[in-house]
There are 2 protein chains.
Amino acid sequence: MLKEERHHQILDKIKLNRKVLSSDLSIELQVSEDTIRRDLNELSAKGFIKKVHGGALPIDAKAPSYEERKFSSLKEKNSIAKKAVSLIKDGQVIIMSGSTTNLQLAKIIPSDINATIYTYSLPIALQLTEHPSIEIIFIGGKLNKPAQVTVGLDVVSSISQLRADLCFMGTGGINVTNGMTEPNWEVSHIKKCMIEASEKVIVLCTSNKINEVKRYSVTPINRIDTIVTDLNSKNEIFYSFKEKGVTIL
Amino acid sequence: MLKEERHHQILDKIKLNRKVLSSDLSIELQVSEDTIRRDLNELSAKGFIKKVHGGALPIDAKAPSYEERKFSSLKEKNSIAKKAVSLIKDGQVIIMSGSTTNLQLAKIIPSDINATIYTYSLPIALQLTEHPSIEIIFIGGKLNKPAQVTVGLDVVSSISQLRADLCFMGTGGINVTNGMTEPNWEVSHIKKCMIEASEKVIVLCTSNKINEVKRYSVTPINRIDTIVTDLNSKNEIFYSFKEKGVTIL
DNA sequence: CATTTTTTTGCCGTTTTATGCATTTTTATG
DNA sequence: CATAAAAATGCATAAAACGGCAAAAAAATG
């Protein structure tokens, strides 16, 4: 039997039983326990399983949760949020994507602002329930657990029926030639719809996302009205963006 | 059994019972108390539980203040949740309404259960994101802030397209002649739809809701399959319910 | 096709880990 | 403060992991 075959069988078995023992596998797959151990180590190094003493388990409850990510580079995110909040005008209809920067923004929306906010992010919706006057519409669908946002066709079709003034979104990467890009196909699609539905597009991103390029394209740069980052808007990194007519905040 | 497995089981049990005894675990998991003690120490060192003399407690075991205890009756709700969780079978499609009792239930669903859960409650959805295998579908709509649930026509129309095996719901009041009743018209309507869409209806309620009658009718008593309360199922208060064919848990 | 090179695998001695047991110390409680 | 339960401590043992080595298999090379 080929090594790859074994690996697949091991993964299958873990999925099925939610655990495997090196000793069992050794017998089942007719190889020495050393080989099994090496297999498990490789699969574990690739992040497919969690190797433990005596066998392996599914990776499950290990991915750094939204909760944990929420607190990384909070300072930058907060400074972004502060700039972005100035763009909100009374009575607007706003779409917010689900990012920790957007969450930060949701926290600091002044209580005297009236607006309707559409979102598909649980934490953002929850945060907004504390605001006295904002009307919140949650876009339903299948939940993506690690990101705590809804995804799928329902979301796409809901958004495409909307018409919003503003759209605040986080991004996986942005540069002048490729525009906004995302690592996740589904998310990229949803973001396209959000942009489609919005008058103005405002991208919130920490500086490390600038000039990053991800797998899936969301929109060309000229469809973006404003980019809000933690950097000073006069930073030379933005020259080329400004030439394309993007406002930097 | 692998050490890690044991750790998971211990964590599950703490979540469920809000405490564990080393002696119990030793028997249940078929290892010596020394081993259990070592397990508890490790989990405690990682900050997952609080080790105490004789066993362990959840980390967030903040003593509920007098005020909280007086109104929230968390203990009752937990005992209800514990009974209710046994009704969930692998692979089922479940609708959950938004009540604190249901939230309690969401917290203690064992991690080896597979199910699809529809809900319109933000806290419940958020809680369920911590479960490794449950598929969550959030029912979108306009958010009712104080209750943190979605309401409105969107919710009604989404639910009416569903077909579920089980439906867990809280209630404003229940008695034999009027059936389930609600103080809020909109909620009563949504609950009607939920019942319409479900094979079995399970009502979770604390004993103070029994024989209460609210303004709006939801469903007659005979459409309810099971009532789960904090009382003993043999309590005479249930006689008339049983006559109508309702199971009491 | 012959022959290197690389990969895979099993084996073996050593080291580490998990666990139970016996003994002593600590803790809870009437 | 006496006593029983629980925890800590030290030790023994078996299972598992590790590291190096060499044979076998597979792939690459000329």
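Within every chain, numbering begins at 1; the chains are lettered A, B, ... in the order of the sequence lines, protein sequences first and strands thereafter.
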Problem set entry | Test log, rule side chain to side chain contact (heavy atoms under 4.5 Å, CB included), inputs B:I109 and B:L128 | CA-CA 9 Å; B:I109 297 176; B:L128 289 173; 4.1 Å; yes
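Residue A:K3 places its side chain closer to C:dT9 than to any other of D:dA16, C:dT9, D:dA6. Considering only side-chain atoms of B:R6, the nucleotide from D:dA8, D:dA16, C:dT19 that sits closest is C:dT19.
Each end of the helix from C:dC1-D:dG30 to C:dG30-D:dC1 gets its own axis, taken as the rotation carrying the C1' atoms of four end pairs onto the next four within a five-pair window, and the two axes meet at 40° to the nearest 10 degrees.
The separation between A:H7 atom NE2 and C:dT7 atom C1' is 12 Å, rounded to whole Å. Separating the CE atom of B:M1 from the P atom of C:dA18 is a distance of 15 Å, rounded to the nearest angstrom.
Counting non-hydrogen atoms under 4.0 angstrom, A:D39 reaches nothing in the nucleic acid.
With 3.5 Å as the limit, one finds no donor-acceptor pair spanning the side chains of B:D230 and B:T206. Under the 3.5 Å distance criterion, with hydrogens and angles disregarded, no donor-acceptor pair is assigned to the side chains of B:E33 and B:S22. Looking at B:T35 and B:S32, their side chains do bring a donor and an acceptor atom within 3.5 Å of each other.
Checking side-chain atoms of B:S97 against main-chain N and O of B:K191 turns up no donor-acceptor pair under 3.5 Å. Remark: side-chain polar atoms of B:Q92 are not paired, donor with acceptor, to backbone N or O of B:A115 under 3.5 angstrom.
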Hey, what are the protein-to-nucleotides 11-16 of chain C N/O distances that come in under 3.5 Å?
unit_1	atom_1	unit_2	atom_2	d
C:dC11	N4	A:D34	OD2	3.4
C:dC12	N4	A:D34	OD2	3.4

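Distances shown here put a side-chain N or O of A:S22 below 4.0 Å from the OP1 or OP2 atom of D:dA17. In this structure, A:K51 reaches the D:dA17 phosphate: one of its side-chain N or O atoms is under 4.0 Å from OP1 or OP2. Phosphate proximity of D:dA8 to B:N41: present, with a side-chain N or O under 4.0 Å from OP1 or OP2.
With sequence neighbours excluded, the residues satisfying side-chain contact (heavy atoms from CB on, under 4.5 Å) with A:T219 are A:M180, A:I195, A:R223, A:I224.
If you take CD on B:E212 and SG on B:C205, they are separated by 10.5 Å, rounding to the nearest 0.5 Å.
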